[in-house]
Amino acid sequence: MKIVVLTKHVPQAIGEVSYAEDLTVNRSAVRCRLADSDEYAVEQAVRIAARRLDVQVTALTMGPAGAVAALRSALALGADEGVHVLDDALHGCDAPATSLVLAAACRRLGFDLVLCGTASADGAMSVVPAMLAERLAVPALCYCDRLHTDEDEVFARRHDGTVVEDLVASMPAVLSVTDRSGEPRYPRFEAVAEARHKLVRTWTLTDLGVDPARVGLAAAATAVHRATRPGPRPATVPGTDPTAAATRIADFLSERQFL
Amino acid sequence: MAKVLALVDRDARDGSVRRSACALLTLARRLGEPVAVVGGDRPDDDAIKTLARFGATEIWCLADSPAAPAKPATPVTPVTPAVPATPTTPTAPARASDADLLHHLADRLDPAAILIPATYHGQETAARLAVRLDAGIITNAIDVLPGTDGEPVAIQRCLADSYLVESSVVRGVPVITVRPEAAVPEPHQAEPVVHTAAVEPSPIPAPRITATPEPPRDRPPLDRADIVVAGGRGIGSRAAFAVLAEVADELGAAVAGSHTAADLGWVPREACVGLTGKTVHPRLYLACGLSGSVRHRAGMQGAKTVVVIGDDPAAPIFKLADLGVVGDAQTILPALLAEIRARKANDVP
């Protein structure tokens, strides 16, 4: 059984990140790390691997040269090997282009299960898993809180705020897990040291057979016009009158659909 | 005027139209002629009435969908062809999904934009649709406005809400998912025409839903709760903490406490949120009468939305607040409890 885990190298302190002149996220100015949400995906892959003998876990990432650090973290958490899609043409990819490249990489690797986190901290599109499933023509199970596998099926539970659903799909499938799926382990020092010696392959777009004209900033199907910093949140209101304060809170709660 | 498709999100249990659908129709009206798209079972009369009240000029649903569990009422708008209801058995062929229906309608109606609620299901639908149409996608918009040339411009909050980003789609039909809470529905009566579309389901297998367990009625476990109501020393007494617990019950939330509340015995030690206690990732964290010390914040930073009631506006918890109320939690909580109960009693869509 082959599991591909999608990982992303994201800025460490998301509040300090800014946009570059071409309105893409300025990654070079900040320290980056493996996205928290992807740690949960690696953890689930490793938990499946612990219960079966035949599991090969491959961590896959695309991004600039520094992104290999995210792969090393994933390898330290228990992935067996890493694949880094590295190409200058990839800068400024939007979600459809990202899913195109990742789908090509997944096809080349071969997979029974693609695991990913729900949303990256810097883009937070949360649509790449479903797009990937569409391109690979496999079922997608998104935002799963729990998952387990048997011989050739994957079972998951998700809770979308109002309804709990138990899902089952036959593999191959794409599955994204939430941060409620189980705390990722903290790697032992030996695992971190061992991760340095695990295999990391670097593929270019030519290796994957993806046309560079279909990816990158120039091929993006969306255009960003402006990025502005809003003023401070209009957060606090005085609550000297309890009834007025209660109404304000209840309004806020129903506005956000908690009531 | 170009049509703007709005995917209608309905309650999975009774098929009633959710507030987000009304909000999407309101946004769609700014961009063109709002068209409501209803996947799954055919909408019942109440659903059609609600969509009409918020300005839907057309309602599209699946041709092969069985009518919703019958209600003995005559339809306001005649449904075009009468199709016999097909029983859905586990072996029945796959039904067209929302993405299939929207894909079909995008080709047929050539809309100016497609608006989808940014729920879990909506995000997946939008993603699949954008790939099939090879169109640009913008997710989690908090507002959609017509741009200078009438093209839809979406506003998103990005990078942990520190930036407001305006963007538009430059290729294909814009597919935009909108945060369900972002827009306020404004009624605008219209006379919708109900159409049906025969749609081939996509050959891509979909996961089967094996069960939809009833969410547990009693308090959910703290570490996996969707809503957490937490209290600290500012609650004042064990008796006042009982009011907080009642608020939690009304919201279907778990009860948590700060270290101080646990030390004072107002909550069990297991319900203490913080560095040495539980770590929670709820959608809503309602913090009452607590200051938000470093060790407490360590356990609740994952919360999506934070509402704070406290008397010290300089307390660190207010820095995390999406809504902060400066006042005495002991007087505000009973008022809040009464308000929530009153709203639940006369629930209006």
Side-chain angles (χ1 to χ4, degrees), chain A residues 14-15 17 19 94-96 99 122 124-127 130-131 134-135 137-143 158-161 163-170 179-180 221-230 233 235-240 242-243 245-250 252 254-259, chain B residues 12 19 119-121 123-124 126-128 130-131 135-140 159-160 162-172 180-181 204-213 215 224 226-227 251 281 283-284 302 305 307 313 318 321-327 331-332 335-336 339-340 343:
Chain A
I14 204 71
V17 184
Y19 285 97
D94 60 354
S99 66
D122 52 348
M125 289 282 280
S126 66
V127 288
M131 287 185 164
E134 179 70 26
R135 292 195 190 276
V138 298
L141 302 93
C142 299
Y143 307 94
R158 76 168 161 213
H159 186 353
D160 73 350
V163 188
V164 184
E165 285 174 340
D166 282 343
L167 302 167
V168 52
S170 53
D179 50 11
R180 287 188 256 173
T222 48
V224 178
H225 304 303
R226 208 182 320 166
T228 47
R229 256 182 195 281
R233 293 167 151 189
T236 37
V237 293
T240 36
T243 330
T247 316
R248 178 77 184 82
I249 298 171
F252 180 85
S254 45
E255 203 177 287
R256 304 261 172 137
Q257 297 199 324
F258 289 114
L259 271 185
Chain B
R19 179 184 178 277
T119 57
Y120 288 179
H121 185 71
Q123 293 284 65
E124 188 183 330
R128 288 186 179 274
V131 168
I137 177 170
I138 298 173
T139 58
N140 288 310
L159 298 180
S162 58
Y163 278 88
L164 284 179
V165 174
E166 284 177 30
S167 45
S168 63
V169 167
V170 295
R171 190 177 72 223
E181 76 278 5
I204 299 174
R208 287 196 315 282
I209 298 173
T210 50
T212 47
R224 159 166 0 143
D226 234 12
I227 303 178
L251 290 169
H281 300 96
R283 286 195 303 136
L284 170 69
T305 308
V307 175
F318 276 100
D322 292 286
L323 175 72
V325 175
V326 184
T331 57
I332 294 175
L336 179 61
E339 180 70 26
I340 293 174
R343 285 189 188 213

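Chain letters run A, B, ... following the sequence lines, proteins first, then strands; residues in each count from 1.
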Taking every heavy-atom pair that is under 4.5 Å apart, which of [options] has the most such pairs with chain A?
options                      : answer
B/Ile340, B/Ile227, B/Thr210 : B/Thr210
B/Gly136, B/Gly327, B/Ala127 : B/Ala127
B/Glu166, B/Glu124, B/Arg171 : B/Glu166
B/His121, B/His281, B/Arg128 : B/Arg128
B/Val307, B/Leu251, B/Val326 : B/Val326

Given 3.5 Å as the limit, does a donor-acceptor pair link the side chain of A/Asp94 with the main chain of A/Ala221, or not?
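It does hold such a pair.
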Side chain, backbone, both or neither: which part of [X] has an atom under 4.5 Å from a heavy atom of chain A?
X        : answer
B/Ala126 : neither
B/Pro205 : both
B/Ile209 : both
B/Thr119 : neither

Under a 4.5 Å cutoff for heavy-atom pairs, which residue among [options] has the most contacts with chain B?
options                                : value
A/Ala223, A/Ser170, A/Cys142, A/Ala137 : A/Ala223
A/Pro139, A/Ala130, A/Ala169           : A/Pro139
A/Thr243, A/Leu141, A/Thr222, A/Val224 : A/Thr222

State, to 0.1 Å, how close A/Pro96 and A/Arg135 come at their nearest heavy-atom pair, and which atoms those are.
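A/Pro96 and A/Arg135 have their closest heavy atoms at O-NH2, 3.0 Å.
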Closest approach of A/Ala245 to B/Val325 (non-hydrogen atoms, all atoms of both residues)
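Of all heavy-atom pairs spanning A/Ala245 and B/Val325, the closest is CB-CG1, 3.8 Å.
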Ion pair present between A/Arg180 and B/Asp226, side-chain N to carboxylate O less than 4.0 angstrom?
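Yes, this pair counts.
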Residue pair A/Arg158, A/Val164: steps toward the side chain to side chain contact (heavy atoms under 4.5 Å, CB included) verdict:
CA-CA 6 Å; A/Arg158 76 168 161 213; A/Val164 184; over 6 Å; no
Can you tell which part of A/Asp179 gets under 4.5 Å to a heavy atom of chain B, answering side chain, backbone, both or neither?
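Contact with chain B is through both the backbone and side chain of A/Asp179.
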A/Val138 versus chain B, the contacting section by heavy-atom distance below 4.5 Å
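For A/Val138, backbone heavy atoms alone lie under 4.5 Å from chain B.
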Measure the CD1-CE distance between B/Ile137 and A/Met131 for me, rounded to the nearest 0.5 Å.
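Reported value, rounded in 0.5 Å steps: 4.0 Å.
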Going by atom types alone, do B/Tyr120 and A/Ser126 pair a side-chain donor with an acceptor below 3.5 Å?
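No donor-acceptor contact under 3.5 Å links the two side chains.
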Walk me through whether A/Glu134 and B/Ile204 qualify under side chain to side chain contact (heavy atoms under 4.5 Å, CB included).
CA-CA 8 Å; A/Glu134 179 70 26; B/Ile204 299 174; 3.6 Å; yes
Chi angles and distances behind the side chain to side chain donor-acceptor pair (under 3.5 Å) call for B/Ser168, A/His225
CA-CA 8 Å; B/Ser168 63; A/His225 304 303; 2.7 Å; yes
